[in-house]
**Q** 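Take this structure, written in structure tokens, and hold onto it; I'll ask about it next.
Quick note: residue numbers are just sequence positions, from 1.
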Amino acid sequence: MKPDDQPNMPSEDDSDAPVDLGDSSKEFGLGNAGAHLRDGMDANGDVRAENVTLSQGGARDIQATTVSITQGGAAQVHADQMSLSQGGAAIVHADSFTLNDGGTAFAVMADQATVNEGSNVLLLIAGEVNGDARPLLDWRSALALAGGLVIAWRLIRRIV
């Protein structure tokens with residue numbers, strides 16, 4: 001039988017197949033499923049869902065009630081409850097935030113934050129903070145840094 005005569009049969013496993021996004025040449029994935037779009041995720045990497053579990057993958061913007069990220073990352077997260085383990089997030093806005101061992105966050109705004117030892121956060125603005133680790137900047141030191149930068153900028157402008 002010639003190859004052209006064979007019926008078009010789907011392959012048994014296409015989990016590593018790239019996603020065709022039209023004119024875009026991007027490939028991305030959520031979790032171990034390879035580069036497949038999931039329900040609630042658009043072509044830009046934005047996720048809007050009730051519950052999001054991200055494992056070994058990434059997303060640009062996540063808006064959900066509950067978010068759990070393990071060995072993955074997100075640029076911006078808006079959630080009621082969020083847990084981050086061995087991954088990273090740039091900007092987090094959550095009611096309840098937990099940063100576990102190996103997790104890294106740039107800026108976190110939360111009503112209640114738990115930052116466990118072995119994790120890193122640069123800027124933390126929270127009503128209540130639990131845990132052993134300390135952020136590099138809290139809201140008071142960030143305010144002092146911003147005030148110092150404003151004063152330095154005004155002095156430089158006067159000199160020049």
**Q** For residues Leu143 and Ile151: do they belong to one hydrophobic cluster (side chain heavy atoms under 4.5 Å, members Ile, Leu, Val, Met, Phe, Trp, Tyr)?
**A**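 Different clusters.
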**Q** Roughly how far, to the nearest 0.5 Å, is the OG1 atom of Thr70 from the CD atom of Gln86?
**A**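 Reported value, rounded in 0.5 Å steps: 7.5 Å.
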**Q** Between Leu54 and Ala59, what is the shortest heavy-atom contact and its length?
**A**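 Nearest pair, atom of Leu54 first, then Ala59: CD2-N, 4.2 Å.
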**Q** Would you compute the distance between atom NE2 of His78 and atom CD of Gln63 and round it to the nearest 0.5 angstrom?
**A**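 Going from the NE2 atom of His78 to the CD atom of Gln63 covers 5.5 Å.
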**Q** Could you give all pairs that pass the side chain to side chain donor-acceptor pair (under 3.5 Å) test and reach residues 146-160, with sequence neighbours left out?
**A**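 The answer is none; no pair qualifies.
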**Q** Measure the spacing between CG of Leu145 and CG of Leu149 and express it to the nearest 0.5 Å.
**A**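 Here the rounded value is 4.5 Å.
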**Q** Rounded to the nearest 0.5 Å, how far apart are CE of Met109 and CD1 of Ile125?
**A**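 These two atoms lie 6.5 Å from each other.
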**Q** Could you pull out every donor-acceptor pair under 3.5 Å between side chains of residues 93-102 and any protein atom, sequence neighbours left out?
**A**
{"from": "Asn100", "atom 1": "OD1", "to": "Asn116", "atom 2": "ND2", "distance (Å)": "2.9"}
{"from": "Asn100", "atom 1": "ND2", "to": "Ser83", "atom 2": "OG", "distance (Å)": "3.4"}
{"from": "Asn100", "atom 1": "ND2", "to": "Ser85", "atom 2": "OG", "distance (Å)": "2.9"}

**Q** Do Ile69 and Met82 come close enough that some side-chain heavy atom pair is under 4.5 Å?
**A**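 Heavy-atom side-chain distance check passes, below 4.5 Å.
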**Q** Using 0.5 Å steps for rounding, measure from the OG1 atom of Thr66 to the CG atom of Asn51.
**A**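 Rounded to the nearest 0.5 Å, the OG1-CG separation comes to 4.5 Å.
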**Q** Mind listing the closest non-hydrogen atom pair of Ala90 and Ala75 along with its distance?
**A**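 Distance-wise, the nearest heavy atoms are CB-O, 3.0 Å.
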**Q** First locate atom OG1 of Thr104, then atom CG of Leu84, and finally report the distance between them rounded to the nearest 0.5 Å.
**A**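 One gets 7.5 Å once the value is rounded to the nearest 0.5 Å.
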